[in-house]
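I have placed the structure first, in the form of structure tokens, so that the comments after it can refer back to it.
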Amino acid sequence: MGNQFFQKEKRNMGKYHFNEIEAKWQKFWAENQTFKAENQSKKPKYYVLDMFPYPSGAGLHVGHPLGYIASDIYARYKRHQGFNVLHPQGYDSFGLPAEQYAIQTGQHPAKTTEENIARYREQLDKIGFSFDWSREVRTSNPEYYKWTQWIFLQLFESWYDKNADKARSIEELRGIFSSEGNVHINAVADEGVEHFTASDWLGFSEIKKQEILLKYRLTYLAETEVNWCPQLGTVLANDEIVNGVSERGGYPVVRKKMKQWSMRITAYAQRLLDGLDTIDWPQPLKDSQTNWIGRSKGATVEFKIQNSEFKIPVFTTRPDTIFGVSFMVLAPEHDLVSKITTSEQKEAVENYIEATAKRSERERMADVKSITGVFTGAYAEHPFTKEPLPIWIGDYVLAGYGTGAVMSVPCGDQRDYDFAKHFNLPIPNIFSPLVPEGGINENENLIETEAFSEKTGFVLKNSDFLNGLNYSEATEKIIAALEEKGVGKGKINYRLRDAVFSRQRYWGEPFPIYYKDGMPHAIPTECLPLRLPEVEKYLPTEEGEPPLGRATKWHWDENKNEVVSVPEGEKPPSGVWGLELNTMPGWAGSSWYFFRYMEDEKRDEVFASKEALDYWKNVDLYIGGSEHATGHLLYSRFWVKFMHDRGLVPVDEPFKKLINQGMILGESAFVYRMNSKITISEIPDVKKFAQMGDEWARETRKLIVKTIQLKNDKILIPLQFFKFDEFKKWKRSKGFSEDEIKKLTEKDLEKERINSFKHLIPKEDIHYFDLNNFSISYSAQAIHTNVSFVNSSNELDINSFKNESSEFKDAEVIGINGKYIVGREVEKMSKSKYNVVNPDDICEQYGADTLRMYEMFLGPLEQAKPWNTAGITGVQGFLKKLWKLYHSASPALSEGGELEFYVSEDSASKDSLKVLHKTIKKVQEDIENFSFNTSVSSFMIAVNELTAQNCNSREVLKPLTILISPYTPHIAEELWEKLGHNESISTAPFPKFEEKFLVESSKEYPISFNGKMRFTLELPLGISKEEIESAVMAHEKTAQYLEGRKPKKVIIVPGKIVNIVG
RNA sequence: GCUCGAGUGGCGGAAUUGGUAGACGCGCUGGAUUCAAAAUCCAGUUCUUUCGGGAGUGUGGGUUCGAUUCCCACCUCGAGUACCA
């Protein structure tokens, strides 16, 4: 016995021990700082970045590292190509989940965040990433958020000059105000800023000046209608709301007016749009930003209100249809509503406003079809015809878009049409359809049943000076007319709103702002960071203030320039003012973090030094999920453009190339629980029931004979007894013929099922279980079970299932032949679905190299795909084969020989070199196209072929090691060392592809007949078309396929194909 | 509804500018080795067939000597968006 054991151990010496190898190299890389990037280098730079992870308490599952593995392969590849690669990692560590957890447990979010990060790091380290950890950042770190606050203050001290089309400093704006007032200024600012002259400005009080400046600042304080989420106790940005409920938690969201910090991102709408043309991003991502920004071209038109000083400005994309206007509609929230409503209509209008305000955003969205509205009693005047137009209010008009009012053209807009139909308003027609022959059909009515909203196929009629014109001609003419009359002008409108920047939360960056006489003032930048204060509870105060309202030390002393405490109830001494109580949103810290990684030494002095910024410029490759399309990816672009304007960074786009990785889905496992209460009924008379109609439900209840409680109340039936399809499959596997399968009915399934739980039926009731005399009904439901209890053949490990899930300790698991087969379904990976696969476990069992390669092998990077642990053995088998290629046993393994590293110095065979170069070419192309799945296949092919060729030549194996090292770095390092190198493989030059090894002298031609390949024929490559043709025609099989016919045509593409037609 | 993306064996997926459909891997079947298992190795595996073939890349049509690839129409699934005037 002992001897046998020894033998086995001895035999294992040269085996592929991935756990040891991987631990060894991970340690080596950490100790030698192998992947530390240099800020001064002769090498060209390359910056590879993963989207900022939020360190959640659940840790990583196998879906998370997918993008990291892809970017790591690319980073390693670039190092082999001679680049100085920056490949950093860090944590977006402020955020809601840690705070929610803090509210529940009282634990400081900093503590849980710290723990979560430690766990993340541990998991990441096991996968062997080539991160430069010396540059790690955490957004919740004061040394980091110091600079987030600093950038906020830069925004606070800036305004947007439309003439220069860039942001400029507030100091310059003050200068302009002092010299010429604001009359000539062309700035992005709040609506309705009063006009003043230079002398006015100089006469204003400081408070008044601040009030005016606030209307120009790029981050400003304003009373805005926000999305308030009562359950989360905070406001949410538009992109944080999904289907009318909060993205995190799914809580309802209501609209509420609050004083909030906002970011004037709208100033950048056009540049954000234009910038998309300069970056290499996936088209769907660009499309969703384009839609989000929502540029539309049209005109503003002012409508005078009759017998009133007021005017209604509207925005329209179809100014050409102005002669089709038959009424006006205002949003219920519109300021003018209360001012113009007539006394007769007052009550109706007020009732309507009250009713619509109650409806939540979600209801309003769900219920888009019902048409509601009410007449205000007032009339507007058509700017050209002077006709009176009744003014209505209706909630299909949104307060937040355009001017919150529309000119209704029922013949040209479906919503206006529906509104007009519903309230019996006139629908004048202004369209004459064009007929295909080039004429105009005056008689046909385009708008009998619906609005005509096309921009082509018509000319205008009943439109005064626009008659006979098409869309573009009319649009041009009407805008000119509007401008001449001074009642409107051409305008571009954006859907994009300014971004709300305040959150009523604790775990975020404090604003470096205090309030002096009600006006916000910046704390001096040299006093940053303004640290997050301690609070005893993470909830809002009783007065409804944000959690920072609980901080006892949260006032700013202007004289001492420090945070001081003011005892509760006391008036602050002079020069001491309250600090801002809101904190910044999650996207603050993530909008600039990519610049922080560039800096390594001067992080205390600057957010990033000029040298670092000039060297690294922007991110060359950014990999992450598409869910950030309208959040992080838009805000980052905005901040970068702003920072560029103010000369803080040299680039105006953060991410040159971006790739979206697809989600890895989980395969959930289900067990099927049968209700233990079984209802026995008489068999119904089918004919009688068919005649009964609605009464049948009541009648069936009368048929119930008895309800039987089985002996166990937790009964699991197998998949085969849950779904009829599976039942049939099972029968088929038991050797039933197709005919027999066809004859199977639900009744057969029921019989088997009843049989399977017969032992649980109380003895006295057993006679009821006869399908010939009774109808038996019960229910069963699918329940998620932990995938770790299930093996690759979908069998449930019944013992661990019972032991580890307390709910089913005493369950009766009904198997078939002692096996219980679970149901499977592909779903998102999540804790609640018990389908999470942990990368640590995979690394432990199969190794990190196998995990890395398998994740790539699953399919194209951008595509969503299900995870199936069973398939991983193929990749592991491959790595074992690869290992064996560098080892040999003498005597042969079967004769008790042991594996030893062996590489021959002899020159390689022609075939082996061909395999090598074919692989170099393919892998290089694949990496450059981010087609990692296909290069895994080519590695497998290469190793299969080299093994078949018994290749052990260094000439081939050395370059092969480098080739594969981006994918499986640990095994590559180990083999590299065994090949006799002392340095890490990570910067070894990538093998060079040489065409000469692939040159072929002959080609196996596929010979097709009418496009169908029939046989192949090997022919030399050098020969002419004629020679090919005669060789093919002379072939015996050709005659056979032609069956005596004469070919009509022979297509020959040398080096490709021969096709015979006839 | 609109915008975008995708439909190929039992499964994940390959297929250069239109040129041998199903590479590679999983699973399955059979075999070798083993007391046995694991591991390993070998062979087979789109469907159908009267073993000559025939059909086949969501469906229907078109262009072509030749279409998974290009064009038109439709169906299904997925993602985003949602009264945007």
Side-chain angles (χ1 to χ4, degrees), chain A residues 15 242-244 282-288 290-292 294-296 298 314-318 321 329 364-369 371 394-398 400-409 412-416 418-419 453 493-496 626-627 629-630 660 662-663 667 729 792-793 824 826 854 857-860 862-875 877-878 880-881 884 893-894 922 925 931 933-941 944 1004-1016 1040 1047-1053 1055-1062:
Chain A
K15 255 183 85 178
V242 178
N243 296 329
Q283 198 54 42
L285 197 59
K286 288 189 182 180
D287 290 347
S288 75
T290 307
N291 292 338
W292 191 261
R295 182 185 199 266
S296 45
V314 300
F315 173 74
T316 174
T317 54
R318 292 294 302 274
T321 63
V329 185
R364 208 163 141 167
M365 271 167 59
D367 183 29
V368 294
K369 289 204 178 70
I371 295 159
D395 71 355
Y396 82 94
V397 177
L398 304 175
Y401 183 74
T403 61
V406 299
M407 57 173 227
S408 289
V409 183
D413 182 287
Q414 192 58 43
R415 290 155 309 170
D416 294 344
D418 295 340
F419 194 85
S453 50
N493 206 42
Y494 299 92
R495 196 185 78 122
L496 185 72
S626 56
E627 67 273 18
T630 50
N660 285 133
M663 212 188 316
E667 250 196 300
K729 256 193 222 165
S792 58
S793 319
R824 286 283 181 146
V826 171
Y854 185 55
F857 188 52
L858 280 176
E862 320 81 57
Q863 230 171 68
K865 58 240 156 193
W867 175 270
N868 175 12
T869 305
I872 204 169
T873 53
V875 171
F878 158 74
K880 285 181 187 166
K881 267 193 219 166
K884 269 196 194 158
L893 262 186
S894 53
K922 176 82 175 126
E925 280 170 6
S931 172
N933 55 324
T934 50
S935 40
V936 177
S937 301
S938 18
F939 282 128
M940 288 175 170
I941 294 166
N944 287 344
E1004 182 106 340
Y1005 276 94
I1007 314 298
S1008 306
F1009 291 80
N1010 298 320
K1012 280 266 170 214
M1013 204 282 289
R1014 298 301 180 188
F1015 63 94
T1016 58
Q1040 185 193 320
K1048 283 190 195 124
K1049 208 171 173 186
V1050 179
I1051 312 282
I1052 294 167
V1053 185
K1056 282 248 155 104
I1057 197 172
V1058 177
N1059 189 19
I1060 298 164
V1061 188

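Here is the naming used below: chain letters follow the sequence lines, and residue numbers restart at 1 for every chain.
For A:K880 and B:A38, the NZ to P distance is 13 Å, given to the nearest whole Å. Per the geometry, NZ belonging to A:K1049 stands 5 Å off C1' belonging to B:C65, to the nearest Å. Rounded to whole angstrom, the span from the CE atom of A:M940 across to the C1' atom of B:G12 amounts to 12 Å. With rounding to whole Å, A:M663 atom CE is found 13 Å from B:G78 atom P. In this structure, A:R318 places its CZ atom 11 Å from P of B:A85, rounding to the nearest Å. Separating the CG atom of A:D416 from the C1' atom of B:C84 is a distance of 13 Å, rounded to the nearest angstrom. If you take CD1 of A:I941 and C1' of B:C24, they are 6 Å apart, rounded to a whole angstrom. Nucleotide B:C83 holds its C1' atom 9 Å from the CG atom of A:D395, rounded to whole Å.
Annotation: ring-ring contact (aromatic ring centres under 6.0 Å, His included) contacts of A:F1009 (sequence neighbours excluded): A:Y1041. A:D287 is linked by a side chain to side chain contact (heavy atoms under 4.5 Å, CB included) to A:Q283, counting only residues two or more places apart in sequence or in another chain. In this view, A:F419 and A:F327, A:W392, A:Y396, A:F423 satisfy the ring-ring contact (aromatic ring centres under 6.0 Å, His included) rule, not counting sequence neighbours. By the side chain to side chain contact (heavy atoms under 4.5 Å, CB included) test, A:S296 is found to be paired with A:F315, A:T317, A:Y401, A:N493, residues two or more places apart in sequence or in another chain being considered. Residues forming a side chain to side chain donor-acceptor pair (under 3.5 Å) with A:T290 (at least two apart in sequence, or on another chain): none. Taking A:P860 as the reference, A:E862, A:Q863, A:N933 meet the side chain to side chain contact (heavy atoms under 4.5 Å, CB included) condition, with sequence neighbours excluded. Residues that satisfy the side chain to side chain contact (heavy atoms under 4.5 Å, CB included) test with A:K1049, not counting sequence neighbours, are A:I1051, A:V1061.
Partner assigned to B:G52 is none, using Watson-Crick or G-U wobble distances below 3.5 angstrom. Pair assignment for B:A36: none, as no Watson-Crick or G-U wobble contacts are both less than 3.5 Å. Nucleotide B:C84 forms no Watson-Crick or G-U wobble pair with any nucleotide shown, as no partner meets the under 3.5 Å limit on both distances. In this structure, B:A6 forms a base pair with B:U76, meeting either the Watson-Crick or the G-U wobble geometry with both donor-acceptor distances under 3.5 Å. The partner of B:C41 is B:G31, by the rule that a Watson-Crick or G-U pair needs both atom distances under 3.5 Å.
Spacing between B:C28 and B:G12 at atom C1', rounded to whole Å, works out to 16 Å. Rounded to a whole angstrom, the distance from the C1' atom of B:A6 to that of B:G54 is 31 Å. One P atom belongs to B:U64, the other to B:U69, and the distance between them is 16 Å to the nearest Å. Spacing of P atoms, B:A55 relative to B:U8, comes out at 22 Å, to the nearest Å. Nucleotides B:A23 and B:A14, compared at atom P, are 13 Å apart to the nearest Å. B:G44 and B:C26: their C1' atoms are spaced 16 Å apart (whole Å). Straight-line distance between the C1' atoms of B:U76 and B:A37: roughly 46 Å, to the nearest whole Å. B:U45 and B:A38 have their C1' atoms separated by 25 Å, with the value rounded to a whole Å.
Remark on RNA chain B: of its neighbouring residues A:T1016 and A:Q283, the 5'-side contact belongs to A:Q283, judged by nearest-heavy-atom nucleotide. Each of A:P284 and A:M1013 was matched to the nucleotide of RNA chain B holding its nearest heavy atom; the match closer to the 5' end belongs to A:P284.
Contacts of A:N944 with the nucleic acid, taken as non-hydrogen atoms under 4.0 Å apart, involve only primed sugar atoms and P, OP1 or OP2. Across all strands, A:T873 comes closer than 4.0 Å only to sugar-phosphate atoms, never to a base (heavy-atom distances).
For B:G53, the glycosidic angle deviates from 0 by more than 90°, giving an anti base. In this structure, B:G31 is classed as anti because its glycosidic torsion departs from zero by more than 90°.
Under the 4.5 Å side-chain criterion, counting only non-hydrogen atoms from C-beta, A:W867 is not in contact with A:E667.
A close approach under 4.0 Å does occur between a side-chain nitrogen or oxygen of A:S296 and OP1 or OP2 of B:A85.
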For nucleotides 14-19 of chain B, tabulate all protein N/O to nucleotide N/O atom pairs closer than 3.5 Å, reporting atom names and distance.
residue : atom : partner : partner atom : Å
B:A14   : OP1  : A:N933  : ND2          : 3.0
B:U17   : O4   : A:K1056 : NZ           : 2.5

Could you go through the side-chain contact (heavy atoms from CB on, under 4.5 Å) check for A:I371 and A:R415 one step at a time?
CA-CA 9 Å; A:I371 295 159; A:R415 290 155 309 170; over 6 Å; no
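A distance-only check finds no donor-acceptor pair linking the side chain of A:Y1005 to the backbone of A:K1056 [under 3.5 Å].
Between A:P1006 and A:M1013, the closest heavy-atom pair is CB-CG, 3.7 Å. Closest of all the heavy-atom pairs between A:M407 and A:R318 is CE-O, 3.9 Å.
Looking at the side chain of A:F857, the nearest of the listed nucleotides B:G12, B:C4, B:C83 is B:G12.
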Can you check each nucleotide of nucleotides 41-56 of chain B against protein heavy atoms at under 4.0 Å and return B for base, S for sugar-phosphate only, - for none, in 5' to 3' order?
S------------S-B
